[in-house]
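Everything on this sheet refers to the single structure shown next.
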Amino acid sequence: MKRRLKTLLFLFALSLCHADDSPGTIHGLVRFSGEAPPRNMFGNAIDEDCPHGIPQTHLLVKQDTLALQNVLIIVDRQDRRVMPTRLQATLTTEKCELLPRIQWLPLGTSLLLVNKDGAQHHIHAFKDGDTVFEADVNPQGPPMRRPLVVPGLYKINCDKHLWERAWIYVSPHDSMAITDAQGEFTILHVPRGRYKITAWHEGWVQKANDPDGRLEFQPMQQVEDIKVRASEESEIRFEDLMPAFGVTQP
């Protein structure tokens, strides 16, 4: 009887240990502070293969709730979560826009550059101001493949169309998210503990033009502390993004 009781106590203690190690979830909301400016169009009189007007998509705000879309959410984790190999993702040219506007991808992903319009594009990727890769993406041409083997934030331009831009954050872990049209995000399987969590947006206040005449915006971000508990959902809100001069690196 005593042996059986000891066995039951051991199994109970073991289950508590496993419960304590269970990951948690982060759910959050990002809102635009102040009055959102109206959306504008880029006028195109150069390339006949592109629309005459291209919508500016750097700032997408749901007017009734001020929910802010396309915000990059980064949990500052020091470990590296093992993720599947041979991952692929796509950056597409459609109606002379780079889509999606922003995405996060696991370290080691192969990025496919796909042309879905009739225009010629020269894709140019930068990290920390330095060129990472360039590629001509032509109509009816095969997708171009580029590996993403360095973590951090990539700025993607098209050298032929000054309005085309996209962002890619390459991460060694999966505690990442992009806010949806409701300004919300959910991050699953976060190990319990205390973290810094960053909300980063490419910006909406014009900073300057680059040497080629391309619009540049002041990036915005907000950094908060969050405690993740085992098997629980932690809530957080970002409502005061401020000018940023960098972005959290893994």
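Counting begins at 1 with the first residue of the sequence. Only a predicted model underlies this, so the values are computations on that prediction, with no experimental measurement involved.
Not counting sequence neighbours, the partners of Cys96 by the disulfide bond (SG atoms under 2.5 Å apart) test are Cys50. Taking Glu233 as the reference, nothing meets the side-chain hydrogen bond (donor to acceptor under 3.5 Å, both in side chains) condition, with sequence neighbours excluded. Checked against side chain to side chain contact (heavy atoms under 4.5 Å, CB included), Ser33 has no partners two or more places apart in sequence or in another chain. Partners of Glu164 by salt bridge (Lys or Arg N to Asp or Glu O under 4.0 Å), not counting sequence neighbours: none found. Residues forming a salt bridge (Lys or Arg N to Asp or Glu O under 4.0 Å) with Glu232 (at least two apart in sequence, or on another chain): none. Every residue two or more places apart in sequence or in another chain that forms a side-chain hydrogen bond (donor to acceptor under 3.5 Å, both in side chains) with Lys196 is listed here: Asp225. Residues forming a salt bridge (Lys or Arg N to Asp or Glu O under 4.0 Å) with Glu184 (at least two apart in sequence, or on another chain): none. With sequence neighbours excluded, the residues that form a side-chain hydrogen bond (donor to acceptor under 3.5 Å, both in side chains) with Asn157 are Arg165.
Cluster annotation: Phe126 is not connected to Leu215 through the hydrophobic network of ILVMFWY side chains, with a link wherever side-chain heavy atoms come within less than 4.5 Å. Residues Phe217 and Trp200 do not share a hydrophobic cluster, clusters being chains of Ile/Leu/Val/Met/Phe/Trp/Tyr side chains in contact below 4.5 Å.
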Would Asp21 and Arg192 count as a side chain to side chain contact (heavy atoms under 4.5 Å, CB included) here? Give the steps. CA-CA 7 Å; Asp21 290 337; Arg192 65 187 181 92; 4.2 Å; yes

Could you walk me through whether Val132 and Val150 satisfy the side chain to side chain contact (heavy atoms under 4.5 Å, CB included) test, starting with their C-alpha distance in whole Å, then the side-chain angles of each, then the deciding distance to 0.1 Å, before giving a yes or no? CA-CA 9 Å; Val132 179; Val150 179; over 6 Å; no

Going through the distances and angles, do Ile54 and Lys95 end up as a side chain to side chain contact (heavy atoms under 4.5 Å, CB included)? CA-CA 8 Å; Ile54 294 94; Lys95 297 181 180 179; over 6 Å; no

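Atom CG of Asn70 is separated from atom OG1 of Thr179 by 6.0 Å, given to the nearest 0.5 angstrom. The NE2 atom of His189 sits 15.0 Å away from the NE2 atom of His173 when rounded to the nearest 0.5 Å. Here the CG atom belonging to Leu113 is positioned 11.0 Å from the SG atom belonging to Cys158, to the nearest 0.5 angstrom. To the nearest 0.5 Å, atoms OG1 (Thr93) and CG (Asn115) are separated by 3.5 Å.
Electrostatic pairing of Glu239 and Arg237 counts as a salt bridge here, judged by a charged N lying under 4.0 Å from a carboxylate O. Using a cut-off of 4.0 Å between Lys/Arg side-chain N and Asp/Glu carboxylate O, Lys207 and Glu216 are scored as not salt-bridged.
For NE2 of His52, the number of neighbouring non-hydrogen atoms (other residues, nucleotides, ligands) closer than 6.0 Å is 12 at most. Summarising the local packing, CZ of Arg229 is surrounded by 12 or fewer heavy atoms from other residues, nucleotides or ligands at distances under 6.0 Å. Applying the 6.0 Å contact sphere to CD of Glu48 captures no more than 12 heavy atoms from other residues, nucleotides or ligands. In Gln63, the CD atom is crowded: over 12 heavy atoms of neighbouring residues, nucleotides or ligands sit closer than 6.0 Å.
Residues in residues 142-161 take part in these ring-ring contact (aromatic ring centres under 6.0 Å, His included) pairs, two or more places apart or across chains: His121-His161, His161-Trp163.
Other cluster members for Val205: Ile26, Val30, Phe32, Leu59, Val61, Leu66, Leu68, Val71, Ile73, Val75, Phe185, Ile187, Val190, Tyr195, Ile197, Trp204, Met220, Ile226, Val228, Ile236, Phe238, Leu241, joined by side-chain heavy-atom distances under 4.5 Å among Ile, Leu, Val, Met, Phe, Trp and Tyr. Hydrophobic cluster membership of Leu112, counting Ile, Leu, Val, Met, Phe, Trp and Tyr whose side-chain heavy atoms lie under 4.5 Å apart directly or via other members: Val114.
With a 4.5 Å cut-off on side-chain heavy atoms, Lys227 and Ser234 do not count as touching. Under the 4.5 Å side-chain criterion, counting only non-hydrogen atoms from C-beta, Ile123 is in contact with Ile156. Looking at heavy atoms from C-beta onward, Gln78 lies in side-chain contact with Asp76 at the 4.5 angstrom threshold. Between Thr109 and Arg146 the shortest side-chain heavy-atom distance does not fall below 4.5 Å. The closest side-chain heavy-atom distance from Ile74 to Tyr169 is below 4.5 Å.
Minimum heavy-atom separation, Pro51 to Asn44: O-ND2, 2.9 Å. Contact detail for Ser22 and Ser231: the closest heavy-atom pair is CB-OG, 3.1 Å. A pairwise comparison of heavy atoms in Leu188 and Thr186 identifies CD2-CG2, 3.9 Å as the closest pair. Smallest separation of non-hydrogen atoms from Gln218 and Pro243: CG-CB, 3.9 Å. Taking every heavy atom of both residues into account, Pro151 and Lys127 meet most closely at O-CE, 2.8 Å. Scanning all heavy atoms of the two residues, the minimum distance from Gln221 to Val223 falls at NE2-CG2, 3.9 Å.
For the side-chain hydrogen bond (donor to acceptor under 3.5 Å, both in side chains) with Glu202, the lone residue among Arg101, Lys155, His58 that qualifies is Arg101.
Without hydrogens or angle criteria, Thr92 side chain to Glu94 main chain gives no donor-acceptor distance under 3.5 Å. Gln120 contributes no side-chain N or O that, together with a main-chain N or O of Asp136, makes up a donor-acceptor pair within less than 3.5 Å. Here the side chain of Asp180 pairs a donor or acceptor atom with the backbone of Gln182 at under 3.5 angstrom. A donor-acceptor pair under 3.5 Å is absent between the side-chain atoms of Asn209 and the main chain of Asp212, judged by distance alone. A donor-acceptor contact shorter than 3.5 Å links the side chain of Gln222 to the backbone of Asp240.
Between the side chains of Glu134 and His122, at least one donor N or O sits under 3.5 Å from an acceptor N or O. Side chains of Thr131 and His124: a donor-acceptor N/O pair is present below 3.5 angstrom, by distance only.
Trp104 has its ring centre no less than 6.0 Å from the ring centre of Trp167.
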Could you give the side-chain donor-acceptor pairs of residues 137-145 under 3.5 Å, partners two or more places apart or in another chain?
| residue | atom | partner | partner atom | Å |
| --- | --- | --- | --- | --- |
| Arg145 | NH1 | Gln88 | OE1 | 2.8 |

